[in-house]
Structures are given as C-alpha cells and as structure tokens.
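None of the values given here were measured: they were computed from a predicted structure. All residue numbers refer to positions in the sequence shown, counting from 1.
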Amino acid sequence: MQLQQLRYFLAVAETRHFTRAAEAEHVAQPSLSQQIRSLERELGAELFHRTRGNIALTDAGDALLPLARRILADTESARLAVQETVQLRRGRVRLGAPPSLCTSLVPDVLRVFRDRYPGVALGVREGGSRDLVRWLAAGELDLALIITPTSGEAAPALAVTELLHEALVLVSADRPGGERPGGERRRRRTVRVAELDGRPLVMFREGYDVREAALAACRAAGFEPEFAVEGGEMDAVLGFVRAGLGPAIVPGMVAARSGLTVTPFAGPGLGRTIAVAHGHEVPLTRAAEALRATLLAHLRDAARSGELPPGTRLLLP
C-alpha cells in the first residue's frame with residue numbers, strides 16, 4: 001500500500017468521479033484507475049461500485065475512508081514537523097558548560113540564539129570539563145564548552161575546536177595600594193602568584209577547572225595555598241570576596257562583570273583554553289549546528305569590536 005494510492009482513493013471518494021479525481025491529482029485518468037485497482041488487489045476487496053455515471057463506495061471503501069484521511073493527515077503533519085525542524089522553527093539543543101562560562105559567555109550567546117530561533121528549545125547543563133566530556137560521549141549533550149586539554153577516555157571521540165585563551169585574574173574587595181592624597185587611587189598593575197603565599201584565598205569547590213589551575217600555580221610557585229573559605233560555587237565565591245573574606249582567582253570574563261577590583265597576574269600569568277566540543281561520530285542536528293555557528297560568530301564579532309575582556313585572546317581563524 002502506497003501513500004499515492006491512498007491519495008488517489010481519497011480523491012475518487014470525494015469527487016465520486018475518476019476523471020475529475022485524476023484532474024485534481026494532476027495525473028492521467030488511466031494511471032489513477034490502475035493505481036486504484038492495485039490498491040484493491042492489495043487489500044483483497046473492491047473499494048468502489050462502478051456503474052455508468054455513478055461511483056459509490058463499497059463497505060470496504062467506507063471502512064478505508066476515515067483511515068486513509070487520518071494516514072494522509074498524519075503524513076502531512078510529519079512532513080511539516082520535519083520542515084519546521086530543518087528550517088529551525090522547532091528543535092532542541094542541549095548545551096553543557098562550566099559554571100564560570102554560564103555566568104559570562106553563555107548568557108550572551110543564548111540571548112542572540114534565542115532572538116534568532118525562538119522556536120528552538122534550549123537546555124543547559126553545568127559541570128566540570130571531565131563531566132561534560134563524559135556526558136557528550138554518552139549522548140546526553142549536543143554541544144559543550146570545555147576547558148582543554150581534556151582528560152579521560154572519551155576525549156578522543158570528540159570533535160574539539162579551540163575558541164579562546166582566557167586569563168585568570170585576582171579579584172578582591174580591597175583597593176590595591178590604598179589611596180593617594182586627594183582620593184586618587186594608586187593601583188598595582190600586576191601581582192605575582194608567589195605574593196599569595198600566606199594570604200588566605202576564597203577557593204572554589206572541587207570539580208572546578210579554575211580551582212585546579214589555581215592550586216597548580218601556587219604549588220609551582222613553591223607553596224600550598226591557605227583558604228579563607230573553601231567549597232563555593234561561582235556566585236558564592238564572588239559574594240565571599242565582596243564580603244571581604246579574601247581574594248579569589250577567577251576567569252577574566254567573570255571578573256569583568258563582577259564589580260570587584262581586578263588585578264592581572266605578572267607574566268607569564270595564568271590562563272586557560274576554552275573550546276567547543278561535540279561527538280565526533282554523531283552528526284550535529286540543525287539546531288546544534290546553528291548554536292555552534294552563533295557562538296563562533298559572537299566571539300569573532302566581540303574580538304573585532306574590542307569587546308573581549310583584557311587578557312582574553314581569540315583562537316579562531
């Protein structure tokens with residue numbers, strides 16, 4: 001049984017005339033009649049009483065009519081649903097990202113994407129890079145922003161595009177160097193990691209890529225850092241710094257929006273590389289492709305207009 005045969009059957013049932021049905025379907029009348037005969041042989045029953053000048057449905061035709069209408073209606077619905085998805089009027093994207101990017105880069109990109117494709121549903125899942133890589137490999141995410149290099153067995157199965165090199169900076173609630181007479185601030189331009197020895201830090205919980213980078217930098221400078229507060233999420237860490245509990249090492253894009261005093265590290269400084277990744281063997285959906293393109297275009301536009309935070313460098317060609 002073919003959909004074309006059902007369309008021809010429905011046309012004859014509605015017009016009660018083979019010639020007019022063929023004209024409505026833009027097909028030669030003998031071809032339409034032949035398809036109806038083939039359908040009847042397939043079903044093992046005649047669908048029409050054929051008398052000169054009168055076409056009427058048989059009992060079998062009456063039974064088939066509502067089913068044929070429903071099948072053709074469902075087929076049209078399926079066609080429209082696929083077209084809407086292909087044309088990005090519908091769809092879904094599951095994006096993963098570290099918490100630090102969910103408070104900086106991700107909101108701007110999703111706003112642009114949402115304005116352009118309002119019918120596409122967006123889902124965001126926060127996690128460390130190791131978790132994000134695992135979720136990508138398991139098919140639980142379409143795209144993820146990760147910090148490279150990644151670790152774990154799933155990483156080689158990913159297609160990874162490096163996007164940005166982002167500086168890590170020190171944020172604090174105090175004003176470095178105090179105040180000059182007359183209220184003029186005397187800002188220190190940089191700080192060395194070694195100067196944090198003996199200075200209690202506000203530190204992220206385990207699982208944050210920034211925590212691992214900060215601990216590694218302190219140990220490379222020859223000391224084990226002290227913690228004023230340990231175990232916070234991104235918003236909590238910034239809140240603890242604002243409360244004067246101590247400074248924290250955070251990504252530059254987060255620091256730029258924090259309202260806190262920002263002090264870069266002296267060269268070679270601290271930094272991380274941000275990349276976008278997806279499953280290497282699974283083709284991206286049209287919606288995921290569109291989100292990835294939106295992300296890359298947003299970063300290129302920000303670089304051209306000088307809107308990337310200081311110390312953040314575009315790695316895209």
Engineer: Side-chain contact, heavy-atom cut-off 4.5 Å: Leu196 with Glu226?
Structural biologist: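 They are not in contact (no side-chain heavy atoms under 4.5 Å apart), so the answer is no.
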
Engineer: Tell me whether Glu166 contacts the main-chain N or O of Met253 through its side chain, where contact means a donor paired with an acceptor under 3.5 Å.
Structural biologist: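 Yes: the side chain of Glu166 pairs with the backbone of Met253.
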
Engineer: Which Ile, Leu, Val, Met, Phe, Trp or Tyr residues join Val112 in one cluster when any pair of side-chain heavy atoms under 4.5 Å counts as a link?
Structural biologist: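 So far as hydrophobic clustering goes, Val112 is joined with none.
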
Engineer: Below 4.5 Å, heavy atoms only, C-beta onward: do Ser38 and Glu42 meet side chain to side chain?
Structural biologist: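 They are not in contact (no side-chain heavy atoms under 4.5 Å apart), so the answer is no.
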
Engineer: Got Ser258 and Val250 here, is their nearest side-chain heavy-atom distance under 4.5 Å?
Structural biologist: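 Ser258 does not reach Val250 side chain to side chain.
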
Engineer: Under 3.5 Å, side chain of Tyr208 to main-chain N/O of Gly232, donor-acceptor pair present?
Structural biologist: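 Such a contact is absent between Tyr208 side chain and Gly232 backbone.
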
Engineer: Enumerate the side-chain hydrogen bond (donor to acceptor under 3.5 Å, both in side chains) contacts for residues 106-115, please, sequence neighbours excluded, ordered by first and then second residue.
Structural biologist: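 Passing the test, one end in residues 106-115: Asp108-Arg257.
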
Engineer: Which class fits the ring pair Phe18 and Phe48: parallel under 30°, tilted 30 to 60°, perpendicular over 60°?
Structural biologist: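 Phe18 vs Phe48 ring planes: perpendicular.
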
Engineer: Would you say the side chain of Asn54 lies within less than 4.5 Å of the side chain of Thr51, judging by non-hydrogen atoms?
Structural biologist: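 Yes, side chains in contact.
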
Engineer: Give me the atom names and distance for the closest heavy-atom approach of Leu284 to Glu289.
Structural biologist: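 Looking at all heavy atoms of both residues, the closest pair is CB-CG, 3.6 Å.
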
Engineer: Could you give me the CA-CA distance, side-chain angles and deciding distance for Arg292 and Thr161, then say whether side chain to side chain donor-acceptor pair (under 3.5 Å) is met?
Structural biologist: CA-CA 10 Å; Arg292 185 179 183 277; Thr161 301; 2.8 Å; yes

Engineer: Counting only heavy atoms from other residues, nucleotides and ligands, does the tally under 6.0 Å from CZ of Arg92 exceed 12?
Structural biologist: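 No, not enclosed.
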
Engineer: Find the distance between CZ (Arg69) and CG (Leu67) and round it off to the nearest 0.5 Å.
Structural biologist: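 Taking CZ in Arg69 and CG in Leu67, the distance rounds to 11.0 Å.
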
Engineer: Closest approach of Thr190 and Thr263, non-hydrogen atoms and distance?
Structural biologist: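 In terms of heavy atoms, the two residues are closest at C-CG2, 3.8 Å.
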
Engineer: Step by step, work out the side-chain contact (heavy atoms from CB on, under 4.5 Å) result for Val106 and Leu95.
Structural biologist: CA-CA 9 Å; Val106 170; Leu95 174 68; 4.2 Å; yes

Engineer: For residues 305-317, please give each side-chain donor-acceptor pair under 3.5 Å, one per line with the distance, not counting sequence neighbours.
Structural biologist:
residue: Ser305; atom: OG; partner: Asp301; partner atom: O; Å: 2.9
residue: Ser305; atom: OG; partner: Ala302; partner atom: O; Å: 3.3
residue: Thr312; atom: OG1; partner: Pro309; partner atom: O; Å: 3.4

Engineer: Report yes if some heavy atom in the side chain of Ile55 is under 4.5 Å from a heavy atom in the side chain of Thr15; otherwise report no.
Structural biologist: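 No, side chains not in contact.
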
Engineer: Name all pairs fulfilling the salt bridge (Lys or Arg N to Asp or Glu O under 4.0 Å) condition that reach into residues 20-36, sequence neighbours left out, sorted by first residue then second.
Structural biologist: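 Salt bridge (Lys or Arg N to Asp or Glu O under 4.0 Å) check on residues 20-36 returns no pairs.
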
Engineer: Carefully, step by step, assess Ile71 and Thr75 under the rule side-chain contact (heavy atoms from CB on, under 4.5 Å).
Structural biologist: CA-CA 6 Å; Ile71 290 170; Thr75 301; 4.3 Å; yes

Engineer: Under the side-chain contact (heavy atoms from CB on, under 4.5 Å) criterion, do Arg304 and Arg300 qualify, and how do the steps go?
Structural biologist: CA-CA 6 Å; Arg304 280 193 295 267; Arg300 289 188 177 108; 3.9 Å; yes

Engineer: When rounded to the nearest 0.5 angstrom, what is the spacing between CD in Gln5 and CG in Leu43?
Structural biologist: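 These two atoms lie 8.5 Å from each other.
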
Engineer: Please report the C-alpha distance between Ser100 and Arg272 in whole Å, then the side-chain angles of each, then the deciding distance to 0.1 Å, and finally whether the side chain to side chain donor-acceptor pair (under 3.5 Å) criterion is met.
Structural biologist: CA-CA 12 Å; Ser100 59; Arg272 62 179 186 169; 2.9 Å; yes

Engineer: Would you name the heavy atoms of His298 and Leu105 that are closest together and state the gap between them?
Structural biologist: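 Looking at all heavy atoms of both residues, the closest pair is CD2-CD1, 3.9 Å.
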
Engineer: Do other residues, nucleotides or ligands put more than 12 heavy atoms under 6.0 Å from Gln34 CD?
Structural biologist: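 Incorrect, the count does not exceed 12.
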
Engineer: I need the Asp142 CG to Thr285 OG1 distance, nearest 0.5 Å.
Structural biologist: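 Reported value, rounded in 0.5 Å steps: 5.0 Å.
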
Engineer: Are Leu245 and Val241 side-chain neighbours, meaning at least one heavy-atom pair lies under 4.5 Å?
Structural biologist: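 No, every pair of side-chain atoms sits at 4.5 Å or beyond.
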
Engineer: Looking at every heavy atom in both Thr273 and His165, which two are closest together, and how far apart are they?
Structural biologist: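 Smallest interatomic distance, heavy atoms only, reads OG1-CD2, 3.8 Å.
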
Engineer: Could you tell me whether the side chain of Leu270 reaches within less than 4.5 Å of the side chain of Val169, counting heavy atoms only?
Structural biologist: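 Counting from C-beta outward, Val169 and Leu270 never come under 4.5 Å.
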
Engineer: Between Gln35 and Ser31, does any side-chain donor sit less than 3.5 Å from a side-chain acceptor?
Structural biologist: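 No donor-acceptor contact under 3.5 Å links the two side chains.
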
Engineer: Give me the atom names and distance for the closest heavy-atom approach of Ala275 to Thr148.
Structural biologist: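 Closest approach of Ala275 to Thr148, heavy atoms only: CB-CG2, 3.6 Å.
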
Engineer: I need the Thr294 OG1 to Leu110 CG distance, nearest 0.5 Å.
Structural biologist: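 It comes to 9.5 Å.
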
Engineer: For atom CG of Asp59, is the number of surrounding heavy atoms from other residues, nucleotides or ligands below 6.0 Å larger than 12?
Structural biologist: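 No - once you tally the heavy atoms of other residues, nucleotides and ligands closer than 6.0 Å, there are 12 at most.
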
Engineer: Once you round to the nearest 0.5 Å, how far does CG of Leu291 lie from CG of Leu122?
Structural biologist: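 So the gap between those two atoms works out to 7.0 Å.
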
Engineer: Just verifying a value: how many Å separate Thr58 OG1 and Glu46 CD, rounded to the nearest 0.5 Å?
Structural biologist: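 Going from the OG1 atom of Thr58 to the CD atom of Glu46 covers 7.5 Å.
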
Engineer: Does the side chain of Arg286 come within less than 4.5 Å of Leu88's, by heavy atoms?
Structural biologist: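 Leu88 reaches Arg286 side chain to side chain.
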
Engineer: Would you call Glu140-Arg125 a salt bridge at under 4.0 Å N-O?
Structural biologist: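 Result for this pair is yes, salt bridge flagged.
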
Engineer: Donor-acceptor pairs under 3.5 Å, side chain of residues 209-221 to any protein atom, not counting sequence neighbours: which ones?
Structural biologist:
residue: Asp209; atom: OD2; partner: Ser129; partner atom: OG; Å: 3.3
residue: Arg211; atom: NH1; partner: Phe204; partner atom: O; Å: 2.6
residue: Arg211; atom: NH1; partner: Glu230; partner atom: OE2; Å: 3.2
residue: Arg211; atom: NH2; partner: Glu230; partner atom: OE2; Å: 2.8
residue: Arg219; atom: NE; partner: Glu224; partner atom: OE1; Å: 3.1
residue: Arg219; atom: NE; partner: Glu224; partner atom: OE2; Å: 3.1
residue: Arg219; atom: NH2; partner: Glu224; partner atom: OE2; Å: 2.7

Engineer: Using the rule given for side-chain contact (heavy atoms from CB on, under 4.5 Å), can you reason through Val229 versus Met203, listing the C-alpha separation, both sets of side-chain angles and the distance that settles it, and then say yes or no?
Structural biologist: CA-CA 6 Å; Val229 183; Met203 184 55 67; over 6 Å; no

Engineer: Any idea which heavy atoms bring Arg7 and Leu72 closest together, and the distance?
Structural biologist: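 For Arg7 versus Leu72, the nearest heavy atoms are CG-CD2, 3.6 Å.
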
Engineer: Could you list the residues that satisfy ring pair (Phe, Tyr, Trp, His ring centres under 6.0 Å) with Tyr8, not counting sequence neighbours?
Structural biologist: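 By the ring pair (Phe, Tyr, Trp, His ring centres under 6.0 Å) rule, Tyr8 matches no residue at all.
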
